[in-house]
Amino acid sequence: MRMTVLHAPTLRDAPREAEVVSHQLLVRAGYIRQLAAGIYNLLPLGLRTVSRIARIVREEMDGAGAQEVLMPAVQPAELWQESGRWQKYGPELLRLKDRKGNDFCLGPTHEEVIVDIVRSDIRSYRQLPVNLYQIQAKFRDELRPRAGLMRGREFMMKDAYSFDVDEAGATRSYEAMYAAYERIFTRCGLDFRAVEADTGNIGGSLSHEFQVLAETGEDAIVSCDSCQYTANVELAAIGGLPGPWQATGATPAPEPVSTPGKRTIEEVCAFLSVPPDALVKTLVLEVDGSPWLALVRGDRELNLIKARKALGATELALAGDELVRSVTGAPTGFAGPVGLEVPVLADPEVMAMPAAVTGGNAADLHLRGVVPGVHFAATRSVDIRMAEDGDRCPRCDGHLRAFRGIEVGHVFYLGTRYSEPMGCTFLDQEGKERPMEMGCYGIGVTRIMAAAIEQNHDERGIVWPLPLAPFQVIVIPLAKPEEPIWEAAESLYDQLRAQGVDVVFDDRRDRPGAKFADADLIGFPLQIVMGKRTFDAGQAELKDRASGETTLVALDDLAAEVAARISAAPQ
RNA sequence: CGGGGCGUAGCGCAGUCUGGUAGCGCACUUGACUGGGGGUCAAGUGGUCGCAGGUUCAAAUCCUGUCGCCCCGACCA
């Protein structure tokens, strides 16, 4: 491809709305352009990169025994009503009507459609297992799309669905996908972790997210520094939980203290000159319609997902101001567990406190010297706080380290969540009808492109892992078209193309600086510069974008050297 | 959905408070010089100032409405 032909509109300045580095660089380097909030055009460079990722995904999926299909983006409401998700999914599901007034939606995922495919034609255990996947645009009407391709509304996703006769088979399918995912992300040159994840309201027992480690990631994850335990903080358990404090001797009644207008932990701490870990944070929860108190130490954060699991609840949310007032008799900011007839869910750390400051359940009032277990009792005492850097590992004696990650893949063991209500069944060896055991496996293909940049860039631009680069090589002649240098560069370009190398020839009449700047911005992994300095000695410069190292190579050896570098890189 | 911000040339911005010829940098076009990290000089092209209504002799600027975009939070996985 000649640079004068390639539609790669580079910009010196990033548009104002681009904040995260991957978004800025993708726009500046001419890979993408925004069409609407969370909706992007992929320009030639962007599409080439996405195609590279898709190729790797296909090879590994096919290798793991999955078969590619392509399902429609527009799906009829009936299927979603069968699974119950037409009601449940909420506004993220973009619904539309056709000219006859029938309801449809733009697929945010394809469980319903795949189940329909499989139940239509698979009847016997002899036809199982089967694993079907597609690479296709998904649409989710996100409340707030953000960060360019990292959280768009329309995006490319690989989604695979496995169907097995029993749990053992489904587990094998799950493990095969897990292994394929590790190969995919490794081949993409990403630094990633597989982490234990929340299964959300999809249910099921097994779920792993594949997280690319990056400061700008949306997800917080913790990883043990001595064993393999890695989990999303949403469900990360905490080890070494303390036992309850055993009060000895007399425990005087709590002392009321006036705290006018001091609602937050910081305000109360400053006012009473006590550290945050001497406070109990009391949160009013609405749990399946009834109120609960949740207690964590003042320096900790409540984990709503852990609280929901601890109580086996379906719906659990922080109470609104009104409910807080009716439960505690005080405005928000002054809630406490003492003297209330509401069930209490307390973190073990709270019950281990010898004395604490709590809210006084009256405006401008707190209590000092509250002894957990004496002045109030816990209905349940379980780990409900958010894991933090430095916490003990739940599996060993190690400690948890905090990271941020970008979720690029997710594997779920679904069970019969969809097959059962939608009648996706087969006849087993005894002739008995049974629902299939399902798994689903997603990869954010366009998100990988963004995540790879978050992880691989410098002040000049993108530093692609070679397998993802839209082009592997750029040939930059520093000369005029009629000069011998130009001709030599052009013939090298032809030679590389003939070798099957994806190469760009920078035939623009620009100054060297502009060419170098664009080459680095776009992120060509290998850059060949042919100029007067080296040409007379029969050499050219071969620059490695990632390391910045430049080596002099004899003109005759260039094509072979490039081929060697490409085949040396992981494919 | 709550809070904040922004819509002026392809991109980045000034001008808006205090109404009076729509500007700057980059990019783009032409020419000359130049030629190893975004060059210099000269001459140019390009804008219904997001949209609609109102006030006014006069609106980018004031008023009302509306649409779009971004950020934080909540939400979602």
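Remember, predicted model here, so these are calculated numbers, not experimental data. Reminder, nothing fancy here: chain letters follow the sequence lines and each chain counts from 1.
Nucleic acid contact for A:R33: none, since no nucleic acid atom lies under 4.0 Å from a heavy atom of the residue. Residue A:K515 is classed as having no contact, given no heavy-atom separation below 4.0 Å to the nucleic acid. Heavy atoms of A:P108 sit nowhere under 4.0 angstrom from any nucleic acid atom. Among the protein residues, A:K138 comes within range of no part of the nucleic acid, since none of its heavy atoms lies under 4.0 Å from any strand. Residue contacts for A:A18: at a heavy-atom cut-off of 4.0 Å it reaches no nucleic acid atom on any strand shown.
Across every strand in view, B:C69 sits in a pair with B:G5 that passes the Watson-Crick or G-U test at under 3.5 angstrom. Summarising the base pairing, B:C62 is matched to B:G54 through a Watson-Crick or G-U wobble pair whose two defining distances lie under 3.5 Å. Searching all strands for a Watson-Crick or G-U wobble partner of B:U18 with both distances below 3.5 Å returns nothing. When both pairing distances are held under 3.5 Å, B:C75 makes no Watson-Crick or G-U pair with any nucleotide shown. Taking a pair to require two hydrogen-bonding distances under 3.5 Å in either a Watson-Crick or a G-U wobble arrangement, B:C41 pairs with B:G31. Nucleotide B:G47 forms a pair with no other nucleotide shown, judged by Watson-Crick or G-U wobble geometry with both contacts under 3.5 Å. Under the Watson-Crick and G-U wobble criteria, each requiring two contacts below 3.5 Å, nucleotide B:C24 is paired to B:G12.
As rounded to the nearest Å, B:G38 and B:A43 have P atoms that lie 25 Å from one another. Distance check on atom C1': B:U64 versus B:U55 gives 11 Å, rounded to whole Å. Comparing B:C33 with B:G23, their P atoms sit 33 Å apart, to the nearest whole Å. Spacing between B:A60 and B:C49 at atom P, rounded to whole Å, works out to 7 Å. As rounded to the nearest Å, B:G4 and B:U40 have P atoms that lie 44 Å from one another. Here, B:U45 and B:G35 have their P atoms 31 Å apart, quoted to the whole Å. Taking atom C1' in both B:U29 and B:A9, one finds a spacing of 15 Å when rounded to whole Å. A distance of about 14 Å separates the C1' atoms of B:C62 and B:G20, rounded to the whole Å.
Considering only the side chain of A:A37, B:C69 comes nearest among B:C69, B:C75, B:C13. Picking from B:C11, B:G38, B:G35 the nucleotide with the shortest atom distance to the side chain of A:L521 gives B:G38. For A:D13, whose side chain is taken as the heavy atoms from C-beta onward, the closest listed nucleotide among B:G38, B:A77, B:G12 is B:G12. Closest to the side chain of A:R146, from the set B:G12, B:A77, B:C72, is B:C72. Looking at the side chain of A:R16, the nearest of the listed nucleotides B:G25, B:G7, B:G38 is B:G7. Nearest nucleotide to the A:E19 side chain, out of B:C11, B:G39, B:C70: B:C70. Relative to the side chain of A:Q34, the nucleotides B:C69, B:A77, B:G38 differ in distance, and B:C69 lies closest. Counting only heavy atoms from C-beta on, A:R151 has its side chain closest to B:C76 among B:G37, B:C76, B:G25. Of the candidate nucleotides B:C76, B:G38, B:C11, B:C76 has the atom lying nearest to any side-chain atom of A:E142. In this structure, of B:G37, B:A77, B:G36, it is B:G37 that holds the atom nearest to the side chain of A:D520.
Judged purely by distance below 3.5 Å, without hydrogens or angles, the side chains of A:D191 and A:Q455 never pair a donor atom with an acceptor atom. At a cut-off of 3.5 Å, with distance as the only test, no side-chain donor of A:N131 or A:Y133 sits close to an acceptor on the other residue.
Atom C1' of nucleotide B:C33 and atom NZ of A:K480 are separated by 11 Å, given to the nearest angstrom. With rounding to whole Å, A:R28 atom CZ is found 12 Å from B:G12 atom P. Residue A:Q24 contributes atom CD, which lies 13 Å from atom C1' of B:C71 at whole-angstrom precision. The CG-P distance, from A:L552 to B:G36, rounds to 17 Å in whole Å. Per the geometry, CZ belonging to A:F139 stands 19 Å off P belonging to B:C76, to the nearest Å. Protein atom CZ of A:F516 is 13 Å distant from nucleotide atom P of B:G39, rounded to whole Å. Atom CD of A:E407 is separated from atom C1' of B:C76 by 11 Å (rounded to the nearest Å). Protein atom CD of A:E17 is 14 Å distant from nucleotide atom C1' of B:G50, rounded to whole Å.
Each of A:L302, A:V296, A:N303 was checked for a side chain to side chain contact (heavy atoms under 4.5 Å, CB included) with A:R300, and the lone residue meeting it is A:V296. Each of A:Y413, A:F185, A:Y181, A:Y178 was compared with A:H208 under the ring-ring contact (aromatic ring centres under 6.0 Å, His included) criterion, and only A:Y178 meets it.
Remark: side-chain polar atoms of A:D557 are not paired, donor with acceptor, to backbone N or O of A:V553 under 3.5 angstrom.
Between A:W486 and A:F505, the ring center distance clears the sub-6.0 Å criterion.
Listed pair A:R12 / B:C11 fails the phosphate criterion, with no side-chain N or O lying under 4.0 Å from OP1 or OP2.
Between A:D507 and A:K515, none of the side-chain N atoms (NZ, or NE/NH1/NH2) sits under 4.0 Å from a carboxylate O, so this pair counts as no salt bridge. Salt bridge A:R85/A:E111: present, at least one basic N to carboxylate O contact under 4.0 Å.
With the nearest nucleotide of RNA chain B identified for both A:A147 and A:A479, A:A479 has the one nearer the 5' end.
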